[in-house]
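Step one of this worksheet: look at the structure below.
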Amino acid sequence: MAELPDLEVFARILTRKYGGKVLEKVDIPVDKKLNVPPKKLKENLEGHKLSLVKRSGKTLQFHIGESILGLHLMLRGELVELTDKVPKFIIMSFHFKGGAGFAVTDMQKQATATLDPPQNDTPDALEIDYPTLLKLLEGKRTVIKSLLMDQKKIRGIGNSYGDEILYHAGISPFSISGKIPEDDVKRLHRSMHSVMETAIKKIEKENGDELRGELRDFMEIHGAGIKQTKKGEEVLHEKIGGRTSYYTKSQKLFD
DNA sequence: GAATATGTTTAAAT
DNA sequence: CATTTAAACATATT
């Protein structure tokens, strides 16, 4: 669950709902991926006010008191509002003064919380400018799909939005990054922005105040259920870097 | 029961 | 050395 657009919406919802509230208690049933001892996390966070929640790449950053708690949901992590029904697979839960709260769950136990994460200079997919993107592709021999998903080069694009962006830009996921002409890189840059921004708007509208987000109705091409694009093109699929990529043969291949 | 799933890390191979 | 690939992670769903 949860790629960049979902996380962006989650950050806004969390800020709206919990911003300004005091975090009374943090429970940490699973601490194996935590970068500090649970005790230290509690000392740093409990009794302090949550000022805001931001998204950075595929992580959320909770600004609490003087500290920042980074949270990566990984492959299967979810955010769940706390009610009388106790969710399964809790990694950690946040209880605010007044009773409200939410939990991070992950049946795979891979969701990762990091106290005061080091600053990351890798450009974010929503913020990267065209010259930076062009430079990033220059001379690279990897296929474009892999590069887009490489978090050390650009942060925030996952398997499904990678497919959506490339389809939108009309570029084959198998294109060699360095062989894509400038005009098409320009198109790619614009598609990155518009696909993500459109998704954020749609998810925000559909979700309202709910943290759940498995809305994939608007996906044009990525998904096992999609056999044809709206234009009637046949959707092909093949593995790139161990994950299934969906594409059409109308997307231009540069090699 | 087998295959698959929105991500990352590690080690091994190229 | 730089880059790429497979396996592992733990469970649910189809």
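The sequence lines fix the lettering, A, B, ..., with proteins before strands; numbering per chain opens at 1.
- Tested against A:His222, the residues A:Tyr167, A:Tyr161, A:Tyr246 include a single ring-ring contact (aromatic ring centres under 6.0 Å, His included) partner, A:Tyr246.
- For the salt bridge (charged side-chain N to carboxylate O under 4.0 Å, His left out) test, no residue two or more places apart in sequence or in another chain qualifies with A:Asp116.
- Using a 4.0 Å cut-off, no side-chain N or O of A:Ser146 falls inside it from OP1 or OP2 of C:dT4.
- Across residues 164-176 of chain A, not one residue has a non-hydrogen atom less than 4.0 Å from an atom of DNA chain B.
- Across all their heavy atoms, A:Thr105 and A:Pro87 have their closest contact at CG2-CB, 4.0 Å.
- Distances shown here put a side-chain N or O of A:Lys58 below 4.0 Å from the OP1 or OP2 atom of B:dT8.
- When the P atom is compared between C:dA7 and B:dA3, the two are found 13 Å apart, to the nearest whole Å.
- Annotation: salt bridge (Lys or Arg N to Asp or Glu O under 4.0 Å) contacts involving residues 166-180 of chain A, sequence neighbours excluded, are absent.
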Reading nucleotides 9-14 of chain B from 5' to 3' and marking B where a protein heavy atom lies under 4.0 Å of the base, S where only the sugar-phosphate is that close, and - otherwise, the string is ------

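- Legend: residues meeting salt bridge (charged side-chain N to carboxylate O under 4.0 Å, His left out) with A:Glu46, ordered by chain and number and at least two apart, are A:Lys42.
- Here the P atom of nucleotide C:dA2 and the CG atom of A:Leu147 are 17 Å apart, to the nearest Å.
- A donor-acceptor pair shorter than 3.5 Å can be found between the side chains of A:Ser250 and A:Glu233.
- Under the salt bridge (charged side-chain N to carboxylate O under 4.0 Å, His left out) criterion, A:Arg243 pairs with no residue, sequence neighbours left out.
- Put simply, A:His72 has no side-chain N or O that comes within less than 4.0 Å of OP1 or OP2 on B:dG7.
- Rounded to a whole angstrom, the distance from the C1' atom of B:dT6 to that of C:dT4 is 22 Å.
- Residues from residues 111-124 of chain A with heavy atoms under 4.0 angstrom of DNA chain B: there are none.
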Starting at the 5' end of DNA chain C, write a dot or bracket for each base, bracketing those in Watson-Crick or G-U wobble pairs whose two distances are under 3.5 Å and using | for partners on another strand. .||||||||.||||

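- Applying the ring pair (Phe, Tyr, Trp, His ring centres under 6.0 Å) rule to A:Phe62 yields the partners A:Phe94, A:Phe102; only residues at least two apart in sequence or on another chain are considered.
- A:Gly158 comes within 4.0 angstrom of sugar-phosphate atoms only, judged by non-hydrogen atoms across all strands, and of no base.
- Partners of A:Asp150 by salt bridge (charged side-chain N to carboxylate O under 4.0 Å, His left out), not counting sequence neighbours, listed by chain and number: A:Lys153.
- Among residues at least two apart or in separate chains, there is no ring-ring contact (aromatic ring centres under 6.0 Å, His included) pair with a member in residues 114-140 of chain A.
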Indicate for each nucleotide in nucleotides 9-14 of chain C, in 5' to 3' sequence, whether protein heavy atoms under 4.0 Å reach the base (B), only the sugar-phosphate (S), or nothing (-). BBBS--

